[in-house]
Every structure is written in structure tokens, then in C-alpha cells.
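Reading through the C-alpha cells given below for one structure.
Numbers restart at 1 for each chain; the letters A, B, ... are given by sequence-line order, proteins then strands.
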Amino acid sequence: MYSQYQLADMYTINPATAAKGLNLLADEGILYKKRGLGMFVSSEAKEKILFKRKNQTLKRLVEEVVLEANRLQVSNEELLSMIKALQTKEGNQ
Amino acid sequence: MKIIECRDISKMYFRQKALEQLTFSIEENKITGLIGRNGAGKTTLLKLISGFIKPTAGEIKVFSEQPFNNLFVSANSILVDDSMSFPAALNLGDIMDAAAAFYSNWHQPLAEGLLDYFSLEKYKYHNRLSKGQTSTFNMIIGLASRCPLTLFDEPTIGMDAAVRKDFYRALLKDYLAFPRTIVLSSHHLEEIEHLLEDVLLIKNGQCLLHLPIYDVKEMMISVEGKLAIADQVLQEKEIIYEQSIGTNHVHRVLLREEASVEELQGAERMGLKIRPVNASDACVYLTDKGKGVIDDVFNKN
């Protein structure tokens, strides 16, 4: 993993901010520290990120879609067919 | 280690109070943003730290010494602002040579590189430069001197957008290469917040807050939507800022600690828009002069 100083240079941010980001990822077990060597990506990192994105990000997006559909009085069938149409289109690519 | 320590410092200009019992300290090798409205006392504070002026009351220590009339503090600190005066007889190259002789950490390759990059010629004279070029040259002196304590007072005045961006990047890159204590004053927190570790916010000569930038970004949330729903959701909560939008919509700002995550999610489901408040806006709300919003001026007539 890049060090806090490399990240600071890459994104023009304060190294303390970069360190904060790395520590947040370490707290979640996505990164781990090796004393004197730096931060490394843990073996379960991918699994953890996928789980989080599915259960937080995607869930919230779906909630928003359903809310907006209700506001616009779009029926469940219509909403599902819209999603299916999009899925077939994406699938063809 | 603490580089700057201020205890109850006040500064009067004749009968006008510029600073009033200001207390704070700044740790070594941090970049701190000094933020405040016009006339809040930013420049006065930086001049006190550099030892250009003396406090009326209170104690100020820089590198554990009183900065006024102190050669050690002068040799280890630099204040960059738009009123830096250099002898009119010296051209830019001469000024750089003089700075190199005075500041022990002076980094000539950086000075030459920046001078060339910003197309400033050594044979030119400081008082013949444009506003933006003056700020650019002063900034180069400030960076290349690599002082353990580097103070920038509104360093980007007159610089165009491209130069400002380059300056911020240069500041960060040289800080990474050569860590030092930096204080940067600006009205434009949104422009410098990515560089900062801490924010020192002053209002009417007093310290309003001194926090990591991360905490300032997380401090407030904004709620926007129908007045009736906002009233219902936000009842008994302290509102920091309020602006009506049309007759039945409202925009309100409150401290994040006032509302729980569940409350906010509930509010979102009822159709209110919840957004984080960026650090710059948070500071504007905190330094509100208590005269309402700008719309009030127009609504009176």
C-alpha cells in the first residue's frame, strides 16, 4: 500500500489526512500494519469491500430509487421492467 | 513540541481592540489554516508571532522565546504577505542572494526552479512587478527559505487561478520534502482545506475554535425542504443558520451532534434533503456577525 506521504503527494492532501484514511481502512480490517514496513492489503480486503458496497452503498441507492418511484407514482411492475431493460442492455455490451 | 504558544494575548491599536485574550498553541510540523472574516485579527496575530509588533497584554512564545526584537526568532521564521518590503536598489536576484545569506535552510535550486517556472527574471525589480507577480515572488522567498516556522498571510492575493493552484501544490510538495510548521491565513478555506491539518478560527480577536480540519468538516449538517416538515423534524433543535426559500421551503443548518443517524434517516424519508456542510461554510456560519442574512437587508425595504 502507498504510504501516507506518497498518498499526500498523489492527491495534494495533508499527510495527516492521508494517515487518517489509512487508519480508517485498517480499523475495518481492509489494511493491516507491519511494523517498520508499512501498510498492506489484507487477504479478506476484497470480500469486505464487496460486502460493504452491497449492504450499504447499493442498498441506499435502491432505497432512493424506490422512494423516487413512489413519488412519481411509478408502479412496481413498471419499475422492475425498467431495471430489467437496463440489465439486458448492459448484458449485451 | 509546541512552536507557538499564546496565552491571553491582547492587542490594542490606540483604543481599538484587535485581539482580545487569545489563547492557543501550535505543534511542530503541522500546517494550520488561520481563518476569520475581514478584520478578525489574522494579520495582527501573524505580526505578533513574527515579532513585528508587541502584544498589549498577555504572553507569546515562539520557539520558547519572546518573538519581539529577537534575532533567533527572526532567523527561524518568515512572514510572507503582500507588504513585504525589500530595498528598492536590489533586483530579484540580489534579494534572493540576501535571503540565502540570512536563512540557513535556504534552498537555492527550489528558488531558481520556481522563479524560472513562473517566468520571473532575476534582473527585474520588486517594485516594478505586477500585483500577482509580487505575490508570486514573495511566495517563492517564503518557500525557498524553508524556515522552521513559515507564516503566509493571504499569500494568493492577486495571483491568477493557475498560479494559486501551482502554489498550493508547491507548498505541499516542499512540506513533504522538508517538514516545517506552517500557518496559512486565507478567506478561502475551500481552496486550502486539502492542505491543512488543523484550523484556527478567530472572530473579533478571539479564538473561536482550534480543531483538526476533519472535525470541522464533520461538524454541521444542512437540512433543506418543506417548512412544515422541517419544523416537525427539527423541533427543539438549535439552528445555527436559517434561510427561507420562497414561502414554504427552508434551509437550516445544525450541529451534527444535535441529531442522531436514525433521526436523519427518518427526515430523509419524509422528503427533506440532508447534506454535510463543508468546512468553509461551517466557518462562515460560526463567524456570523449576528446581523441575520444578506436577504434581510433587502427585505427591510
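- Checked for salt-bridge contact, B/K217 and B/D281 miss the test: no charged N lies under 4.0 Å from a carboxylate O.
- Of the residues considered (A/E64, A/E63, A/K20), A/K20 shows the highest number of contacts with chain B, using heavy-atom pairs under 4.5 Å.
- For chain A, the option among B/L171, B/L195, B/I213 with the highest count of heavy-atom pairs below 4.5 Å is B/L195.
- When heavy atoms are compared at a cutoff of 4.5 Å, B/L172 approaches chain A solely by way of its side chain, counted from C-beta outward.
- Heavy atoms from other residues, nucleotides or ligands lying under 6.0 Å from OH of A/Y2 number 12 at most.
- Electrostatic pairing of B/E191 and B/R164 counts as a salt bridge here, judged by a charged N lying under 4.0 Å from a carboxylate O.
- Looking at A/T17, the atoms closer than 4.5 Å to chain B (heavy atoms on both sides) all sit in the side chain, from C-beta outward.
- One finds the OG atom of B/S64 at 6.5 Å from the CD atom of B/E5 (value rounded to the nearest 0.5 Å).
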